[in-house]
Protein chains: 2
Amino acid sequence: MTETTPQASDRSIDTQASGFEAVRQAHQSEMVEDYVELIAELIHQNGAARPVEIAERLGVTQPTVSKNLARLKREGFIEQIPYRSLQLTDAGRQLAEACRMRHRIVVEFLIALGVSPEVAEHDAEGIEHHVSEETLAVFKGFVRRTDETK
Amino acid sequence: MTETTPQASDRSIDTQASGFEAVRQAHQSEMVEDYVELIAELIHQNGAARPVEIAERLGVTQPTVSKNLARLKREGFIEQIPYRSLQLTDAGRQLAEACRMRHRIVVEFLIALGVSPEVAEHDAEGIEHHVSEETLAVFKGFVRRTDETK
DNA sequence: TCGATAAATTAGACAAGGCTAACTTTAATA
DNA sequence: TATTAAAGTTAGCCTTGTCTAATTTATCGA
């Protein structure tokens, strides 16, 4: 019992709880974000995005992709005609673009900081979903300053 | 095709898939890590860690905590006698200490970078579970250099 | 010491996101 | 054009982590 005073911790209990709540929220959107981002990437790289390739890139099975795409469709992010390339709706494109930017910033930030490119990519995949606007702005500023110094 | 940005284009599909796999793995351990870390914190702050307080801090209900504690017990991280304070096993203490260190480094890193303390705490909660050893070492180095400059 | 209150557990439901197995549909080609 | 291989879906199961409602158990103050 080193800290005797109850307010010894600088954070209120509510603040702490809302932090954990936010993490749970983030987990809810991760799947959707990963999918739309990947679909945009595939369309950009290959001119088409197909479920089988999403499965391969994410390292999951086709039925899993099928089920998750149904959710994306239900939520209005994609349109799908079987055996044709998936298409992003306007909302989907918008979300994908935001995710792509955020992903790029996180990766570039880590690299600017001195993390190896492979690990930067790897860690960014998990980190990007938990970076607030404020932190993202700080990352961006750091990258910009580093670039200028080069 | 993939314009000037360095990433995606030169990454193998396997590497990408293993990244997503790692994120899924991380999610599996998050609960355990959050709980042992919080239990250690509560013991340190209050001299005792009780399920009801864990529920409050995490912003979840008591039955949720009850169920999750059963898993921690099953996996050998805690010992529990109802209505007594939870106790960490050696393994639990070890894990808690590692998590505490990592958490501290991430928070200090974000603050050193210029993120506000509240947001740093908030974001760290989500980020910490996705930071590799390499990246953590880089964070640590950055904090050290910043401290020296002060 | 006993009874009210708070703490904890149990039971049962639900949503997400994985999986395998089995099936259907499309496309490619012989 | 008829077959076959690949792509996609469906059905059904599992695990995790959440919830509410109901129940049990311990503690503490009158």
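To find a chain, count down the sequence lines: A is the first, B the second, and so on, and within it residues start at 1.
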To the nearest Å, how far apart are [X] [atom1] and [N] [atom2]?
X        : N      : atom1 : atom2 : result
A/Arg74  : D/dT9  : CZ    : C1'   : 16 Å
B/His27  : D/dG17 : NE2   : P     : 11 Å
B/Gln25  : D/dT15 : CD    : C1'   : 14 Å
A/Leu86  : D/dT9  : CG    : C1'   : 14 Å
A/Lys67  : D/dG12 : NZ    : C1'   : 9 Å
A/Asn68  : D/dG8  : CG    : C1'   : 14 Å
B/His129 : D/dG17 : NE2   : C1'   : 14 Å

Item to check | Residue list, side chain to side chain contact (heavy atoms under 4.5 Å, CB included) with B/Arg100, at least two apart or on another chain | outcome: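 Side chain to side chain contact (heavy atoms under 4.5 Å, CB included) list for B/Arg100, sorted by chain: B/Glu97, B/Arg104.
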
Next on the checklist: The criterion is side chain to side chain contact (heavy atoms under 4.5 Å, CB included); which residues satisfy it with B/Val23, sequence neighbours excluded?
Outcome noted: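 Residues passing side chain to side chain contact (heavy atoms under 4.5 Å, CB included) with B/Val23: A/Glu30, A/Glu125, B/His27, B/His130.
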
Checklist entry - Within the structure shown, what part of the strands sits under 4.0 Å from A/Glu30 by heavy-atom distance: base, sugar-phosphate, or nothing? => result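 Here A/Glu30 touches no strand at all.
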
Item to check | Sugar-phosphate, base or nothing in reach of B/Glu53, heavy atoms under 4.0 Å | outcome: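 No contact at all - B/Glu53 keeps every heavy atom at 4.0 Å or more from the nucleic acid.
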
Item to check | 5' precedence on DNA chain D between B/Gly59 and A/Arg84 (nearest-nucleotide basis) | outcome: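 Nearer the 5' end of the strand: A/Arg84.
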
Under 3.5 Å, which protein N or O atoms sit close to an N or O of nucleotides 21-25 of chain D? Give each pair with its distance.
residue : atom : partner : partner atom : Å
D/dT25  : O2   : B/Tyr83 : OH           : 2.8

Next on the checklist: Run the side chain to side chain donor-acceptor pair (under 3.5 Å) test against B/Thr15 and tell me which residues pass, sequence neighbours left out.
Outcome noted: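 With neighbours one apart ignored, the set is B/Ser12.
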
Next on the checklist: With a 4.0 Å cutoff (strictly under), does any side-chain N or O of B/Thr64 reach OP1 or OP2 of D/dT18?
Outcome noted: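 No.
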
Checklist entry - B/Arg50 side chain N/O closer than 4.0 Å to the phosphate oxygens (OP1, OP2) of D/dA26? => result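 No.
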
Next on the checklist: With side chain to side chain donor-acceptor pair (under 3.5 Å) as the rule and sequence neighbours excluded, what pairs involving residues 83-96 of chain A come up?
Outcome noted: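 Only A/Asp90-A/Arg93 qualify under side chain to side chain donor-acceptor pair (under 3.5 Å).
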
Checklist entry - When you list every nucleotide of DNA chain C with an atom under 4.0 Å from a heavy atom of chain B, which one comes first 5' to 3', and which comes last? => result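 The contacted stretch runs from C/dA7 to C/dG18.
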
Checklist entry - On DNA chain C, nearest-nucleotide positions of A/Gln28 versus A/Pro82: which is more 5'? => result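 Final value for this comparison: A/Gln28.
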
Distance-only donor-acceptor hits, side chain of residues 58-67 of chain A, under 3.5 Å, sequence neighbours excluded:
residue : atom : partner : partner atom : Å
A/Thr61 : OG1  : A/Thr64 : OG1          : 3.1

Item to check | salt bridge (charged side-chain N to carboxylate O under 4.0 Å, His left out) partners of B/Glu79, counting only residues at least two apart | outcome: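 Not a single residue meets the salt bridge (charged side-chain N to carboxylate O under 4.0 Å, His left out) criterion with B/Glu79.
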
Checklist entry - Any ion pair linking B/Glu148 and B/Arg145 (charged N to carboxylate O, less than 4.0 Å)? => result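 Looking at B/Arg145 and B/Glu148, the cut-off is not met.
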
Item to check | Summary of ring pair (Phe, Tyr, Trp, His ring centres under 6.0 Å) pairs that have at least one residue in residues 84-114 of chain B, sequence neighbours excluded | outcome: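 Every ring pair (Phe, Tyr, Trp, His ring centres under 6.0 Å) pair that includes a residue of residues 84-114 of chain B, provided the two are not neighbours, is B/Phe109-B/Phe139, B/Phe109-B/Phe142.
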
Item to check | Among D/dT18, D/dC19, D/dA7, the one nearest A/Gln62 by side-chain distance | outcome: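 Among the listed nucleotides, the one closest to the side chain of A/Gln62 is D/dA7.
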
Item to check | Main-chain N/O of B/Gln16 paired to A/Arg57 side chain as donor or acceptor, under 3.5 Å | outcome: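 No; zero donor-acceptor contacts below 3.5 Å.
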
